[in-house]
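Since the structure is predicted, the reported quantities are computational estimates derived from the model, not experimental observations. Note on naming: letters A, B, ... go to the chains in the order of the sequence lines (proteins, then strands), and numbering restarts at 1 for each one.
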2 protein chains.
Amino acid sequence: MASLGELERSVMDLLWSAPEASTANDLRDRLALVEGQGKDLAVTTVLTVLSRLEKKGLVERERGTRPHRYRAVSTREDHTARLMHEALGTATDREAVLARFIGSVSEAEAATLRKLLASG
Amino acid sequence: MASLGELERSVMDLLWSAPEASTANDLRDRLALVEGQGKDLAVTTVLTVLSRLEKKGLVERERGTRPHRYRAVSTREDHTARLMHEALGTATDREAVLARFIGSVSEAEAATLRKLLASG
DNA sequence: CCCGACTTCTACGTTTTGTAGAAACTCGAC
DNA sequence: GTCGAGTTTCTACAAAACGTAGAAGTCGGG
């Protein structure tokens, strides 16, 4: 239940890179300015997507203010880390998976991991 | 393009736990015996699913033998590790993601990771 | 009370997945 | 060489997810 469509992901990307909660109109405008191909969408389209993302638990909104304001529930990093755990979760032999995972990580990242594991 | 449906996942699970390449009939029979709810499917259904999994690059088949034999292209562990890298790949700040990931790993697994990172 | 901005409801086209019958193919038996 | 049982491929359809947006409803300021 964690997979996102293309537009859904674009919206999440905008929410994650926004410093504050955004309105639907705001997001609509920013979607039109995306490098490459700018999507010129109706506001209702954006609102529909936001509702679906809310239902999926990725987005929450302030209902008090008149144009509702939307924000991502968790940071992009937390979300990604959770996805990784989700993938790992289905495995029978978690250690074997971790071994493969570590095996194909860059040396720089391996060093980072060593540090993180030492301090923890 | 890596996400799987429920039946597709069941088939992959069977292929991953099979010691040798399996025929469609073989898989059909084993699907009927799954704990909980056994799916009683037509063999053409299984063949369709196998074709789709082949197109997705998760399954390969021996076309020489008369009942074709199907096997998973990679182990379950390799596949899962790749999914984890795939999730990580979309991140801008990979180190931050790794920090979150490590943060929510059990102590036993942290120990395993330390060992793996030391020997590598 | 009315208008315009905003939100919700409803809807439809496309893609993905589950499901399988119909048609085509293959190989051994006769 | 042909026939049939077993296999595979083709075609099809229903349900869910997603992209997309018009129509209808709601709310606050004037």
Between the side chains of [Y] and [X], is the shortest nitrogen-to-carboxylate-oxygen separation below 4.0 Å, so that they form an ion pair?
| X | Y | result |
| --- | --- | --- |
| A:R61 | A:E54 | yes |
| A:E107 | A:R114 | yes |
| B:D40 | B:R28 | yes |
| A:E60 | A:K55 | no |
| A:R76 | A:D13 | yes |
| A:K56 | A:E8 | yes |

To the side chain of [X], which of [options] is closest?
| X | options | value |
| --- | --- | --- |
| B:P67 | D:dT7, D:dT9, C:dG18 | D:dT7 |
| A:K56 | D:dC18, D:dT9, D:dA21 | D:dC18 |
| B:V49 | C:dT19, C:dT7, D:dC18 | C:dT19 |
| B:L41 | D:dT8, C:dT19, C:dT8 | C:dT19 |
| B:R52 | C:dT8, C:dA11, C:dG18 | C:dG18 |
| A:H68 | C:dT8, C:dT17, D:dC10 | C:dT8 |

**Any donor-acceptor N/O pair under 3.5 Å between D:dA17 base and A:S3 side chain** =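 There is none.
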**Item:** Quiz item: B:R66 side-chain donor-acceptor pair to C:dG28 base, under 3.5 Å
**Value:** no
Rounded to the nearest Å, what distance is computed from the [atom1] atom of residue [X] to the [atom2] atom of nucleotide [N]?
| X | N | atom1 | atom2 | value |
| --- | --- | --- | --- | --- |
| A:E6 | D:dT20 | CD | C1' | 14 Å |
| A:L31 | D:dG19 | CG | P | 11 Å |
| A:L7 | D:dA21 | CG | C1' | 12 Å |
| B:E8 | D:dA15 | CD | P | 19 Å |
| A:E62 | C:dC6 | CD | P | 15 Å |
| A:R61 | C:dC6 | CZ | P | 14 Å |
| B:L4 | C:dT15 | CG | P | 20 Å |
| A:L27 | C:dC6 | CG | P | 13 Å |

**Asked** Using a cut-off of 4.0 Å on non-hydrogen atoms, how would the nucleic acid contact of B:L47 be classed: base, sugar-phosphate, or nothing?
**Response** base
**Prompt:** So what does B:T48 hit on the nucleic acid, given a heavy-atom distance under 4.0 Å: a base, only sugar-phosphate, or nothing?
**Reply:** base
Has [X] got a side-chain N or O lying under 4.0 Å from the OP1 or OP2 atom of [N]?
| X | N | value |
| --- | --- | --- |
| A:N25 | C:dC6 | yes |
| B:K55 | C:dT17 | no |
| B:R69 | D:dT7 | no |
| B:R63 | D:dT9 | yes |
| B:T45 | C:dA20 | yes |
| B:K39 | C:dT19 | yes |

